[in-house]
J.: 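Dropping the structure in here first, questions after.
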There are 2 protein chains.
Amino acid sequence: MVLELTEKQEAILDATLELIGERGFHGTPMSAIAEKAGVGAGTIYRYYESKEELINALYVREKQAINAQVLKGYTEELSVRDAVGLMFRNAISARACESARFRFLDQYYNSPFIGDETRRIREQLMSDYVDVIERGICDGEIRDLPLPVVMAMIFGPLAQLSSASQLKDVTLDDELIDQALDAIWRSIGCE
Amino acid sequence: MVLELTEKQEAILDATLELIGERGFHGTPMSAIAEKAGVGAGTIYRYYESKEELINALYVREKQAINAQVLKGYTEELSVRDAVGLMFRNAISARACESARFRFLDQYYNSPFIGDETRRIREQLMSDYVDVIERGICDGEIRDLPLPVVMAMIFGPLAQLSSASQLKDVTLDDELIDQALDAIWRSIGCE
DNA sequence: TTCGTCGGAATGAATGTTCATTCCGCTCTT
DNA sequence: AAGAGCGGAATGAACATTCATTCCGACGAA
């Protein structure tokens with residue numbers, strides 16, 4: 001389901017992303033979005049029924065974009081351990097250079113503006129990761145733990161480290177990332 | 001610095017917690033807070049200069065309350081492994097029964113409404129946990145990893161599991177928690 | 001004990017502002 | 001000229017905040 005976006009739609013979404021990333025939903029009136037996007041206020045409503053729908057559309061677009069970046073370079077040939085490592089590194093660097101996106105996504109992860117439809121899409125986007133992990137469990141690279149535990153041991157530290165580095169509490173150099181990946185693998189890997 | 005709160009102040013904070021927990025900052029006008037708290041709209045402003053200050057005060061109160069629950073039963077006699085286990089379990093059960101608090105805290109963790117002052121207080125509240133971990137590293141119970149990595153390996157999975165259980169994706173029974181703690185310890189423990 | 005006075009806590013209607021949304025007319029395109 | 005696509009001023013509702021007024025308990029005088 002790849003929907004074509006017009007140039008204006010993209011400008012609107014881009015403007016929304018940036019403004020909301022730094023000022024929050026409150027702090028960004030539609031008029032500001034219109035101005036930044038270089039369109040009239042009314043034009044936004046030609047594409048999105050309401051502010052809420054706009055936010056949801058943006059959420060989906062960003063989530064997909066991030067997903068693509070995280071999966072970049074993945075093939076089924078990779079061992080699961082390498083695949084996880086790849087995605088982990090991808091995720092970290094995406095977060096570093098696309099921080100506006102993440103600030104937006106984090107802010108809306110548990111927010112009342114995310115509608116049910118959007119929640120479903122998010123779950124669907126997680127399925128790629130679930131597949132990799134299940135493959136790992138099947139062919140014995142990952143210990144036979146409940147899926148939620150394995151997920152938690154990978155995504156938890158990832159989220160935590162990323163947000164710490166956002167707050168300037170840490171610098172995520174290669175050595176640190178290797179140490180983290182090694183720790184993760186001790187917890188879920190066989191041997 | 002324990003500041004005494006009047007009965008009215010507590011009523012206001014309680015009302016705010018509950019309303020914002022379920023409807024978000026937007027969805028809760030000051031008038032609704034006043035009504036639920038059983039006070040006049042103007043009264044709130046006798047205690048809090050603005051809606052934003054009210055949110056920040058609430059944030060600090062809730063963060064402290066949660067902290068107390070998580071640390072419940074902790075003494076320096078405990079081995080670090082047991083201490084971490086205790087706090088992990090405490091945190092999980094706090095999240096289960098105090099879900100309104102967590103919904104509120106999660107919602108504001110990275111939000112523009114949380115001011116710098118409040119952020120400082122939050123960091124200060126983290127120091128208890130940092131102390132335990134540093135003790136663990138010092139006397140060899142925890143591998144000599146960078147502090148942020150160790151923190152990430154404990155808090156990351158915790159947060160991830162809790163929020164998954166909130167979304168009904170998992171049930172956190174004792175066995176699952178034990179498995180998670182075991183996995184965490186494999187990653188950061190010596191041996 | 002009763003009553004008058006006072007201070008400050010509490011109230012909630014009124015205010016002024018801020019927005020999301022609408023609507024009308026303009027401008028291209030065909 | 002018809003019609004689609006836009007812009008941006010206009011609208012009206014929703015709110016945060018204010019402030020003139022009321023309420024209440026304490027205290028002292030008679």
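Chain A is the first sequence line, chain B the second, and so forth, proteins listed ahead of strands; every chain is numbered from 1.
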J.: Looking at B/Tyr108, is B/Lys63 sitting on its ring face, NZ or CZ under 6.0 Å from the six-membered ring centre and within 45 degrees of the normal?
T.: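 Judged by the rule, B/Lys63 and B/Tyr108 form no cation-pi pair.
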
J.: Determine whether more than 12 heavy atoms belonging to other residues, nucleotides or ligands lie under 6.0 Å from atom CD of A/Glu35.
T.: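 No, CD of A/Glu35 has 12 or fewer neighbouring heavy atoms, counting only those of other groups under 6.0 Å.
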
J.: Give the first and the last nucleotide of DNA chain D, reading 5' to 3', that has any atom under 4.0 Å from a heavy atom of chain B.
T.: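 Under 4.0 Å from chain B, the extent on DNA chain D is D/dC15 to D/dT18.
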
J.: Using 4.0 Å as the upper bound for N to carboxylate O, is an ion pair formed by B/Glu117 and B/Arg120?
T.: yes

J.: Surrounding CZ of A/Arg23 (heavy atoms of other residues, nucleotides or ligands, distance under 6.0 Å), is the total greater than 12?
T.: no

J.: Under 4.0 Å from any atom of DNA chain D, heavy atoms only: list the residues of residues 14-24 of chain A that qualify, in numerical order.
T.: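 Under 4.0 Å from DNA chain D: no residue of residues 14-24 of chain A.
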
J.: Rounded to the Å, how far apart are A/Arg46 CZ and C/dT27 C1'?
T.: 14 Å

J.: I'd like to check B/Arg95 versus B/Gln166 (side-chain heavy atoms, cut-off strictly below 4.5 Å). Are they in contact?
T.: yes

J.: Does B/Leu86 have any side chain to side chain contact (heavy atoms under 4.5 Å, CB included) partners at least two apart in sequence or in another chain, and if so, which?
T.: B/Tyr74, B/Leu78, B/Asn90

J.: Run the side chain to side chain contact (heavy atoms under 4.5 Å, CB included) test against B/Glu175 and tell me which residues pass, sequence neighbours left out.
T.: B/Asp173, B/Gln179

J.: DNA chain C: A/Thr43 or A/Ser31, which has the more 5' nearest nucleotide?
T.: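 Looking at the nearest nucleotide for each, A/Ser31 comes out on the 5' side.
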
J.: Under 3.5 Å, sequence neighbours excluded: what are the donor-acceptor pairs made by side chains of residues 125-134 of chain B?
T.:
residue: B/Ser127; atom: OG; partner: B/Gln124; partner atom: O; Å: 2.8
residue: B/Tyr129; atom: OH; partner: B/Asn67; partner atom: OD1; Å: 2.8

J.: Does anything in residues 48-61 of chain B reach DNA chain D, meaning a heavy atom under 4.0 Å, and if so which residues?
T.: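 DNA chain D contact set from residues 48-61 of chain B: B/Ser50, B/Lys51.
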
J.: Does B/Asp139 have more than 12 heavy atoms from other residues, nucleotides or ligands lying within 6.0 Å of its CG?
T.: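 Buried by this count: over 12 neighbours within 6.0 Å.
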
J.: Between atom CD1 of A/Ile20 and atom OG1 of A/Thr28, what is the distance when rounded to the nearest 0.5 Å?
T.: 3.5 Å

